[in-house]
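Below is one structure, written out as structure tokens, with a few remarks after it.
Hydrogens, waters and symmetry mates are skipped; everything else that's a heavy atom, side chains included, is used. Just so it is clear, the structure is predicted and the values come from calculations on it, not from any experiment. Nothing fancy with the numbering, it's 1 onward along the sequence.
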Amino acid sequence: MKYTHYDFDKIMSSNESKYIFQYVKNRKLTNIYHSHSFYEVCIILSGSATELFNGQKRLLKEGTVVILKPEDLHCFVDQSENLRLVCLSVKTEEALRLIDVFEVKLLPKEVIFDVGTSVAKLSNIISQASEEHHYKLLFCQILTFFEDYQKQSVPYILKMAVQKMQRFENMRVGVPKLVELSGYSRSHLTRLIRQYYHCTLQELMTKIRLDAAYNEVILSKDSLEDIALKVGYSSFSHFQKVFKKFFGITPAVLRKTNSMWTI
């Protein structure tokens, strides 16, 4: 199926802008099947619309939020007369930065979820949106709702097991301890982690360890070597390599520029 591709910089005349905000009411949505080089959030405020996404149709109702990643294909093929919809396009660099801040970097290819009665809160933000910082606030609110949605959907036993892995004595043991705490077989736990956290067991374990290490580097006076051991890395050189790959900065530089104990 043929489609059109939209590039953010070609749409926007100003290279400084990172957002494109569109509010749709009493207007026909485009039925051009397209992809784009940016992230896009679609929020159904009232009514309904039928979206064609990667070749499949699905109905979007009031309170539905869709987060589309670059290169996803979609268009709207039908809509109700009372449809009110907001589309917020976010330049990829800006979207990835905020996704990292809200720790939802492991987004699946495309996200669809229901904000329920919180659509009223979104409507309030949208009604005042007229400048760049308003659009950023809206995108951050969507990420917050998505983070809450992820937490609510995770089975309680699994959520508690992952929470207990925040303890240093558990993260030092690693994946075998997570299997033990969950009570699931390793194969079943692997499927659940993939379903709810969208990553492998080892990737989740790495995230838990490095998030803890990040906080220790900034907030504690422990040596970097001791921090590596505390979170489960016996090789300091490997710890440094993984840390820099994950955060884009070495532990030493992070401590030098962000430590609470530099004064």
Side-chain angles (χ1 to χ4, degrees), residues 4-32 34-49 51 53 60-76 79-108 110-151 247-248 257-258:
T4 300
H5 182 78
Y6 296 116
D7 185 83
F8 193 95
D9 290 333
K10 290 182 179 179
I11 296 173
M12 296 299 293
S13 57
S14 171
N15 292 329
E16 295 182 1
S17 179
K18 301 180 181 68
Y19 296 87
I20 303 171
F21 179 83
Q22 300 177 73
Y23 175 74
V24 177
K25 181 181 180 182
N26 300 325
R27 178 165 65 84
K28 180 70 175 176
L29 296 169
T30 179
N31 59 0
I32 298 174
H34 65 276
S35 67
H36 21 64
S37 65
F38 45 86
Y39 283 75
E40 186 171 76
V41 177
C42 297
I43 309 165
I44 308 295
L45 300 176
S46 64
S48 62
E51 181 192 37
F53 169 72
L60 309 179
K61 299 180 180 180
E62 179 177 330
T64 300
V65 175
V66 178
I67 303 177
L68 297 150
K69 294 181 72 177
E71 308 309 326
D72 281 342
L73 293 166
H74 84 122
C75 68
F76 294 97
Q79 65 189 81
S80 64
E81 292 183 0
N82 64 333
L83 176 69
R84 287 192 304 123
L85 173 145
V86 162
C87 283
L88 180 67
S89 302
V90 187
K91 201 167 185 177
T92 295
E93 295 80 2
E94 172 80 349
L96 291 175
R97 184 179 69 81
L98 293 173
I99 286 170
D100 282 343
V101 169
F102 283 85
E103 298 187 340
V104 291
K105 59 178 68 68
L106 298 176
L107 284 170
E110 179 258 10
V111 175
I112 179 170
F113 62 103
D114 193 340
V115 297
T117 57
S118 295
V119 71
K121 183 174 183 179
L122 289 177
S123 295
N124 184 52
I125 297 174
I126 290 166
S127 66
Q128 302 176 52
S130 60
E131 299 180 22
E132 188 95 347
H133 67 276
H134 295 143
Y135 308 145
K136 180 178 291 188
L137 173 62
L138 177 59
F139 187 61
C140 289
Q141 185 64 71
I142 290 297
L143 292 179
T144 299
F145 283 150
F146 176 62
E147 185 178 26
D148 292 341
Y149 171 79
Q150 281 188 315
K151 290 177 181 177
F247 293 113
T257 56
N258 293 275

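Using a 4.5 Å heavy-atom threshold, the side chains of Ile99 and Leu143 count as touching. Side-chain contact check for Cys140 versus Leu98: some heavy-atom pair is nearer than 4.5 Å. Using a 4.5 Å cut-off on side-chain heavy atoms (C-beta onward), Val41 and Val65 make contact. Considering only heavy atoms from C-beta on, Thr92 comes within 4.5 Å of Pro70 through its side chain. Between Phe53 and Leu73 there is no side-chain heavy-atom pair separated by less than 4.5 Å. Residues Ile126 and Leu45 meet the side-chain proximity criterion, which asks for heavy atoms closer than 4.5 Å.
The heavy-atom pair separating Val119 from Val115 by the smallest distance is N-CG2, 3.8 Å. Between Asn82 and Gly47, the shortest heavy-atom contact is OD1-CA, 3.4 Å.
For residues 128-137, the pairs satisfying salt bridge (Lys or Arg N to Asp or Glu O under 4.0 Å) are Glu94-Lys136, with sequence neighbours left out.
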### Query
Please walk me through it: do Phe38 and Asp7 pass side chain to side chain contact (heavy atoms under 4.5 Å, CB included)?
CA-CA 7 Å; Phe38 45 86; Asp7 185 83; over 6 Å; no

### Message
Does Leu138 form a side chain to side chain contact (heavy atoms under 4.5 Å, CB included) with Ile43? I'd like the steps, not just the answer.
### Response
CA-CA 11 Å; Leu138 177 59; Ile43 309 165; 4.2 Å; yes

### Task
Might you work through the side chain to side chain contact (heavy atoms under 4.5 Å, CB included) test for Leu68 and Glu51, ending with a clear yes or no?
CA-CA 12 Å; Leu68 297 150; Glu51 181 192 37; 4.2 Å; yes

### Task
Test Phe146 against Phe113 for ring pair (Phe, Tyr, Trp, His ring centres under 6.0 Å), laying out the working first.
CA-CA 7 Å; Phe146 176 62; Phe113 62 103; 5.5 Å; yes

### Task
Check the pair Leu88, Ile20 against side chain to side chain contact (heavy atoms under 4.5 Å, CB included), reporting the backbone distance first and the verdict last.
CA-CA 6 Å; Leu88 180 67; Ile20 303 171; over 6 Å; no

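Judged by distance alone, the side chain of Ser37 and the main-chain N or O of Phe8 form a donor-acceptor pair under 3.5 Å. Side chain of Gln79 to backbone of Arg27: a donor-acceptor contact under 3.5 angstrom is found. No donor-acceptor pair under 3.5 Å is formed between the side chain of Gln141 and the backbone N or O of Leu122. Between the side chain of Asp72 and the backbone N or O of Lys69, at least one donor-acceptor pair lies under 3.5 Å.
Counted by atom type alone, Glu62 and Ser46 present zero donor-acceptor pairs between their side chains at under 3.5 Å.
Within the model, atoms OH of Tyr39 and CD of Glu93 stand 10.5 Å from one another, a figure rounded to the nearest 0.5 Å. Separation of atoms OG (Ser35) and OH (Tyr6) is listed at 9.5 Å; rounding is to 0.5 Å. Atom-to-atom distance recorded for Ser89:OG and Phe21:CZ is 11.0 Å, nearest 0.5 angstrom. The line from CD of Gln128 to OG of Ser130 is 9.0 Å long, rounded to the nearest 0.5 Å. For the atom pair NZ of Lys91 and OG of Ser17, the computed distance is 8.5 Å after rounding to the nearest 0.5 Å. In this structure, Tyr135 OH and Lys18 NZ are separated by 14.0 Å, a value rounded to the nearest 0.5 Å.
Remark: of the listed residues Ile67, Val90, Leu137, Ile67 is the sole one forming a side chain to side chain contact (heavy atoms under 4.5 Å, CB included) with Ile142. Residue Leu60 forms a side chain to side chain contact (heavy atoms under 4.5 Å, CB included) with just one option from Ile112, Leu83, Leu85, and that option is Ile112.
Looking at residues two or more places apart in sequence or on another chain, you find a ring-ring contact (aromatic ring centres under 6.0 Å, His included) between Phe76 and His74. Take Ser48 and apply the side-chain hydrogen bond (donor to acceptor under 3.5 Å, both in side chains) test, not counting sequence neighbours, and it matches no residue.
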